[in-house]
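Structure first, then comments.
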Amino acid sequence: MATRFWLFKSEPTCYSFDDLMRDGTTHWDGVRNYQARNFLRDEIKKGDQVLFYHSNCKEPAVVGICEVVRDGYPDHTAFDSDSDHPDLTSSRENPRWYMVDVEPIRKLENPVSLSLMKDVSDLVDMQLLKRGNRLSVMPLSQEHFSKIISLSE
DNA sequence: GCCAACGTTGGC
DNA sequence: GCCAACGTTGGC
């Protein structure tokens, strides 16, 4: 299957791109939304490219690129009542929530801010810019992916 | 199955 | 801190 492109949101106070650079890899746990879950479980595959977006912070922006290194598998943090995102309606036998593993490729030379992206006509139909969008994991076209990277240079 | 109430997200 | 938008819950 062809490489596909995605945008993952994270609040930098919670987990930033620098945290991912430091860790070298992470599992993208804690997603508790069915639409995002379906992407993680069914669509996002090893080798796919991901833009890392900082949300809910002073300057919301795409800050780095990463790559999926493991296909979707059950999010075990849901089974753990001591985790940050417990959901005991999910079990090992019948998991409700899924995650993938990612590794950083590189930090962008310059962050591509939300306000900049809003001003770029090629990006008007990007899902991130749609009104009321709240998905933390969303698909991205190759064109939008490439455009955002060119804006960071 | 409807829908009001509520909680969360996330930009500003 | 405000608030619009959205998803989920639960009574009926």
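Just so it is clear: chains get the letters A, B, ... in the order the sequence lines come, proteins before strands, and each one is counted from 1. Both backbone and side-chain heavy atoms feed into the values below; hydrogens, waters and symmetry mates do not.
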- line: Contacted region of DNA chain C by chain A, from 5' end to 3' end of the hits, cut-off under 4.0 Å to heavy atoms, spans C:dA5 to C:dT8
task: Output every pair passing salt bridge (charged side-chain N to carboxylate O under 4.0 Å, His left out) with a member in residues 10-34 of chain A, not counting sequence neighbours, ordered by first then second residue.
output: A:D18-A:K107, A:D19-A:R22, A:R32-A:D75
query: Which of residues 51-60 of chain A sit near DNA chain B, with a heavy atom under 4.0 Å from it?
result: A:Y53, A:S55, A:N56, A:P60
field: Qualifying ring-ring contact (aromatic ring centres under 6.0 Å, His included) pairs with a residue from residues 101-135 of chain A, counting only residues at least two apart or across chains
entry: none
- request: Among residues two or more places apart or on two chains, list those pairs meeting salt bridge (charged side-chain N to carboxylate O under 4.0 Å, His left out) that have a residue in residues 91-103 of chain A.
  value: none
Qualifying ring-ring contact (aromatic ring centres under 6.0 Å, His included) pairs with a residue from residues 112-138 of chain A, counting only residues at least two apart or across chains: none
side-chain hydrogen bond (donor to acceptor under 3.5 Å, both in side chains) contacts in which one or both residues fall within residues 125-138 of chain A, not counting sequence neighbours: A:D125-A:H144
Anything under 3.5 Å between a donor and an acceptor, one on a side chain of residues 146-153 of chain A, the other on a protein residue two or more places apart or in another chain? List them.
| from | atom 1 | to | atom 2 | distance (Å) |
| --- | --- | --- | --- | --- |
| A:S146 | OG | A:Q142 | O | 3.0 |
| A:S150 | OG | A:K147 | O | 2.7 |
| A:S152 | OG | A:I149 | O | 2.6 |

message: Can you give me the bend angle of the helix from B:dG1-C:dC12 to B:dC12-C:dG1? Use the axis through the first five pairs and the one through the last five, nearest 10 degrees.
response: 10°
- prompt: How would you label the contact of A:K130 with the nucleic acid (heavy atoms, under 4.0 Å): base, sugar-phosphate, or nothing?
  reply: nothing
- prompt: Pairs in or reaching into residues 105-139 of chain A: which pass ring-ring contact (aromatic ring centres under 6.0 Å, His included), with residues at least two apart or in two chains?
  reply: none
message: Please enumerate all residues that pass side-chain hydrogen bond (donor to acceptor under 3.5 Å, both in side chains) together with A:W97, with sequence neighbours excluded.
response: A:D87
- request: Quick one: which residue pairs count as a ring-ring contact (aromatic ring centres under 6.0 Å, His included) with a foot in residues 38-73 of chain A, not counting sequence neighbours?
  value: A:W6-A:F39, A:F17-A:F52, A:W28-A:F52, A:F52-A:H54
query: Once you round to the nearest 0.5 Å, how far does CE of A:M117 lie from CG of A:L123?
result: 7.5 Å
